[in-house]
Trainee: 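Here's a structure for you.
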Amino acid sequence: KRLILIGPPGSGKGTQSPMIKNDNCLCHLATGDMLRAAVAAKTPLGMEAKKAMEAGALVSDEIVVGLIEENVKRPECRTGFVLDGFPRTVVQAQKLEEMLNKKGESIDKVLNFAVPDQLLVDRIVGRWVHPASGRSYHEKFAPPKVAGVDDVTGEPLVKRKDDNAETLKSRLSAFHAQTAPVIAYYKDKVVTIKADKPQAEVAAQVRKALD
Ligand code: AP5
Ligand code: ZN
């Protein structure tokens, strides 16, 4: 399967990804995770992306398309992929289409994680992440077994720099202005998930959509 997850910041894309990936034997490609790794490693690409990310704006299409092009070649992506946070502009969607067309491939489904804006503030400000694995927790909705510590590795959890109410406003405007049109682009491939429900209910909807 070749799947895309679209949804506003905090809608649960990263949370549902491990289940989607494991159930369907796919690789998980999250441009946000790749960019944060590049920023942390202070690579030239990371240095260029850092400012936009901290401002809650989108990084250039060129950079993220390049990241996807590179990573989709990974051997574990041969059986398919779940794209989390990409494409986020119509231009990115068109580039992806070109990339797949060349190989005679296409996108099977686009899951649209719908959550009203006002619910996203709590989700974003209460999030804690384990940067190395991309796992995220929430202080109220999905707390780790031990506060501040990753369940699997025991390593410390951190806050993302863009996870504050102020930057969220810019991220939401970017979503509505630049990413919402991508949903229309995929038309009949789109399945809308009511992602404002508890995690287990969202997971059940996703499983049904991918049956
Ligand atoms: P990115 O990392 O993609 O961030 P985002 O889209 O803003 O999405 P989030 O990671 O915030 O949300 P999520 O849906 O994964 O939520 P999660 O599951 O963690 O991008 C970051 C930045 O990188 C962008 O702003 C941009 O600058 C740049 N970028 C990335 N891709 C780009 C692209 N293609 N083009 C250009 N620029 C790009 O859940 C959130 C919280 O809620 C967690 O604490 C979780 O535990 C909790 N939670 C999850 N589900 C539920 C539930 N059902 N009920 C209650 N709580 C829940
Ligand atoms: Zn995410």
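Residue numbers count from 1 along this sequence. Here the structure is a predicted model, which means the values were calculated and not measured. Read the numbers this way: they start at 1 and go in the same order the structure lists the ligands and their atoms.
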Trainee: Ignoring hydrogens and angles, tell me if any N or O in the side chain of D61 forms a donor-acceptor pair with the backbone of V91 under 3.5 Å.
Mentor: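 Side chain of D61 to backbone of V91, a donor-acceptor pair under 3.5 Å: no, none is there.
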Trainee: So, regarding R171 and ligand 1 (criterion: nitrogen or oxygen to nitrogen or oxygen, under 3.5 Å), is there a contact or not?
Mentor: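 Yes, at least one N or O pair falls under 3.5 Å.
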Trainee: Answer with yes or no whether the hydrophobic clustering places F86 together with V110; edges join I, L, V, M, F, W, Y residues whose side-chain heavy atoms lie under 4.5 Å apart.
Mentor: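 Yes; V110 is reachable from F86 via cluster members.
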Trainee: Under 3.5 Å between any N/O of D163 and any N/O of ligand 1: does that happen in this structure?
Mentor: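 Not met; the criterion fails.
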Trainee: State whether the shortest distance between N or O atoms of G10 and N or O atoms of ligand 1 falls below 3.5 angstrom.
Mentor: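 Yes, G10 has an N/O under 3.5 Å of an N/O on ligand 1.
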Trainee: Any heavy atom of E201 closer to ligand 1 than 4.0 angstrom?
Mentor: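 For ligand 1, residue contact (heavy atoms, under 4.0 Å) with E201 is absent.
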Trainee: Which protein non-hydrogen atom lies closest to atom 4 (O) of ligand 1, naming both residue and atom, and how far is it?
Mentor: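 Going by distance alone, atom 4 (O) of ligand 1 is nearest to R160 NH2, 3.1 Å.
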Trainee: Tell me the nearest of Q16, R88, K140 to atom 6 (O) of ligand 1, using heavy-atom distances.
Mentor: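 The nearest heavy atom belongs to R88.
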Trainee: How far is atom 52 (C) of ligand 1 from its nearest protein heavy atom, and which residue and atom is that?
Mentor: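 Going by distance alone, atom 52 (C) of ligand 1 is nearest to R123 NH2, 3.4 Å.
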Trainee: Does ligand 1 have an atom that lies less than 4.0 angstrom from a heavy atom of K197?
Mentor: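 Flag set, K197 near ligand 1.
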Trainee: Flag W128 as yes when one of its N or O atoms lies below 3.5 Å from any N or O atom of ligand 1, and as no otherwise.
Mentor: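 Min N/O separation from ligand 1 is not below 3.5 Å for W128.
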Trainee: Which is it for D196 and ligand 1 at heavy atoms under 4.0 Å: side chain, backbone, both or neither?
Mentor: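 It is neither part, as no heavy atom is under 4.0 Å.
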Trainee: Using modelled atom types only, decide if a donor and an acceptor are shared between the side chain of T31 and the backbone of V64 within a distance under 3.5 Å.
Mentor: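 No: the side chain of T31 does not pair with the backbone of V64.
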Trainee: Would you check whether D61 reaches within less than 4.0 Å of ligand 1, judged by its heavy atoms?
Mentor: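 No heavy atom of D61 comes that close to ligand 1.
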Trainee: Return yes or no for this condition: an N or O of V59 is under 3.5 Å from an N or O of ligand 1.
Mentor: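 Indeed, backbone or side chain, V59 has an N or O that close.
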Trainee: P198 near ligand 1, heavy-atom distance under 4.0 Å?
Mentor: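 Judged by the 4.0 Å heavy-atom criterion, P198 does count as contacting ligand 1.
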Trainee: What is the nearest protein non-hydrogen atom to atom 39 (O) of ligand 1, stated with its residue, atom name and distance?
Mentor: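 Protein heavy atom at minimum distance: T15 OG1, 3.5 Å.
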Trainee: Considering only heavy atoms, which of A57, A174, A52 lies nearest to atom 25 (O) of ligand 1?
Mentor: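 Result: the heavy atom closest to atom 25 (O) of ligand 1 is in A57.
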Trainee: Is R36 in polar range of ligand 1, meaning some N or O pair under 3.5 Å apart?
Mentor: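 N/O-N/O distance under 3.5 Å: yes.
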Trainee: Would you say V64 has any N or O atom under 3.5 Å from an N or O of ligand 1, going by distance alone?
Mentor: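 No, V64 has no N/O under 3.5 Å of an N/O on ligand 1.
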Trainee: When you compare ligand 1 with F86, is there at least one nitrogen or oxygen pair between them that comes in under 3.5 angstrom?
Mentor: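 Looking only at distances, the answer is no, because the N/O contact criterion of under 3.5 Å is not met.
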